[in-house]
Amino acid sequence: MIDHVSVGVCDLDRAARFYEATLAALGLARLVSRPATVGFGKAYPEFWINLRAGMPRVGAESGTHICLRAKTTAEVDAFHAAALEAGGASDGAPGLRPHDRVRYYAAFILDPDGNRIEAVTFPSE
């Protein structure tokens, strides 16, 4: 249903370094580099960062977040750890999140611009 997503960043070089480290844990790499945008993916760019000079930090009240699929709980853990090491912040440590309809394992991070990104997997047991 969704082909790709993008987030705004105020410092493209800083954000590219952050996302290169963080998304590598999920098997995504930098595939496209242009003057004001960078695309990450596996076979084609599915996740883009776009320069928005002067953009204020994304507020927690925005309610927006992007969720990326991980293959395993280890990938979710690695995503979270890589984000913290690259200058992001935790917005929900890796862990099992059982709900009435679905059981999933996820972690949430905030990138240096305040964008909320989640990694999720659905373990069988």
Side-chain angles (χ1 to χ4, degrees):
M1 178 173 113
I2 297 172
D3 181 72
H4 64 275
V5 297
S6 63
V7 297
V9 300
C10 69
D11 181 329
L12 190 64
D13 292 333
R14 176 187 71 182
R17 287 189 306 273
F18 172 82
Y19 280 109
E20 280 179 320
T22 303
L23 298 179
L26 302 177
L28 284 79
R30 182 194 288 220
L31 299 178
V32 174
S33 295
R34 297 182 186 141
T37 190
V38 176
F40 298 87
K42 294 179 182 176
Y44 68 94
E46 302 165 72
F47 182 85
W48 292 86
I49 57 174
N50 298 312
L51 178 61
R52 299 293 182 259
M55 180 184 93
R57 183 170 173 79
V58 176
E61 68 282 356
S62 77
T64 301
H65 88 277
I66 295 171
C67 184
L68 304 170
R69 184 69 62 95
K71 292 179 185 169
T72 65
T73 58
E75 280 191 2
V76 172
D77 294 346
F79 162 86
H80 189 264
L84 299 184
E85 182 154 328
S90 178
D91 199 37
L96 191 60
R97 287 158 170 84
H99 291 278
D100 56 341
R101 289 185 18 155
V102 65
R103 180 178 174 269
Y104 66 99
Y105 188 93
F108 297 83
I109 61 97
L110 298 173
D111 76 4
D113 291 287
N115 292 301
R116 189 170 193 240
I117 312 295
E118 174 185 6
V120 67
T121 191
F122 298 88
S124 58
E125 282 303 314

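Predicted model only: the values in this text are computed from it and were never measured.
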Discussion item. Tell me every residue that passes side chain to side chain donor-acceptor pair (under 3.5 Å) with Glu20, counting only those two or more places apart in sequence or in another chain.
Written reply: Arg30
Practice prompt. For Ala89 and Leu84, work out which heavy atoms get closest and say how close.
Written response: C-CD2, 3.5 Å
Worksheet item: Between Asp11 and Leu51, what is the shortest heavy-atom contact and its length?
Response: N-CD1, 4.2 Å
Discussion item. Are Leu26 and Phe40 packed together at the side-chain level, in the sense that at least one heavy-atom pair is separated by less than 4.5 angstrom?
Written reply: no
Discussion item. Run the side chain to side chain contact (heavy atoms under 4.5 Å, CB included) test against Ala21 and tell me which residues pass, sequence neighbours left out.
Written reply: Ala86
Taking only distance into account, with no hydrogens and no angle test, what donor-acceptor pairs under 3.5 Å do side-chain atoms of residues 54-69 form with protein atoms, sequence neighbours excluded?
| residue | atom | partner | partner atom | Å |
| --- | --- | --- | --- | --- |
| Arg57 | NH1 | Pro112 | O | 2.9 |
| Ser62 | OG | Gly59 | O | 3.2 |
| Ser62 | OG | Thr64 | N | 3.3 |
| His65 | NE2 | Glu118 | OE1 | 2.8 |

Discussion item. Considering only residues two or more places apart or on different chains, which pairs with a residue in residues 76-99 satisfy salt bridge (charged side-chain N to carboxylate O under 4.0 Å, His left out)?
Written reply: Asp91-Arg116
Worksheet entry | Criterion side chain to side chain contact (heavy atoms under 4.5 Å, CB included) on Thr73 and Thr121, from CA distance to verdict | CA-CA 6 Å; Thr73 58; Thr121 191; 3.9 Å; yes
Worksheet entry | Those residues that, when tested against Ser90, pass side chain to side chain donor-acceptor pair (under 3.5 Å) (two or more places apart) | His80
Practice prompt. Determine whether Leu23 and Leu110 fall in the same hydrophobic cluster, where Ile, Leu, Val, Met, Phe, Trp and Tyr are linked whenever their side-chain heavy atoms lie under 4.5 Å apart.
Written response: no
Response to the item:
In short, Thr22 meets Ala83 closest at the heavy-atom pair OG1-CA, 3.4 Å
Practice prompt. Can you see which heavy atom on Pro94 is nearest to which on Val76, and at what distance?
Written response: CB-CG1, 4.4 Å
Item to complete: Could you pull out all residues at least two apart from Asn50 that satisfy side chain to side chain donor-acceptor pair (under 3.5 Å)?
Response: Ser6, Thr37
Worksheet entry | Common cluster, Val5/Leu28, ILVMFWY with side-chain heavy-atom separation under 4.5 Å | yes
Discussion item. With clusters defined by side-chain heavy atoms of hydrophobic residues (ILVMFWY) lying less than 4.5 Å apart, directly or transitively, does Phe18 cluster with Leu12?
Written reply: yes
Practice prompt. Would you list the pairs meeting salt bridge (charged side-chain N to carboxylate O under 4.0 Å, His left out) in which at least one residue belongs to residues 33-50, sequence neighbours left out?
Written response: none
Discussion item. When you group the ILVMFWY residues by side-chain heavy-atom contacts below 4.5 Å and let the links chain together, are Phe122 and Ile2 in the same group?
Written reply: no
Fill in: Residues which pass side chain to side chain contact (heavy atoms under 4.5 Å, CB included) with Leu96, listed by chain and number, not counting sequence neighbours
Pro98, Arg103, Tyr105, Pro123
Worksheet item: With sequence neighbours left out, what residues match Asp111 under side chain to side chain donor-acceptor pair (under 3.5 Å)?
Response: Tyr19, Asn115
Worksheet item: By the rule that ILVMFWY residues connect when side-chain heavy atoms come within less than 4.5 angstrom, directly or transitively, which residues belong alongside Phe108?
Response: none
Fill in: Non-neighbouring partners of Asp3 that pass side chain to side chain contact (heavy atoms under 4.5 Å, CB included), sequence neighbours left out
Tyr44
Item to complete: Each residue besides Trp48 in its hydrophobic cluster should be listed here, by chain and number; the cluster joins Ile, Leu, Val, Met, Phe, Trp and Tyr at side-chain heavy-atom distances under 4.5 Å.
Response: Leu31, Val32
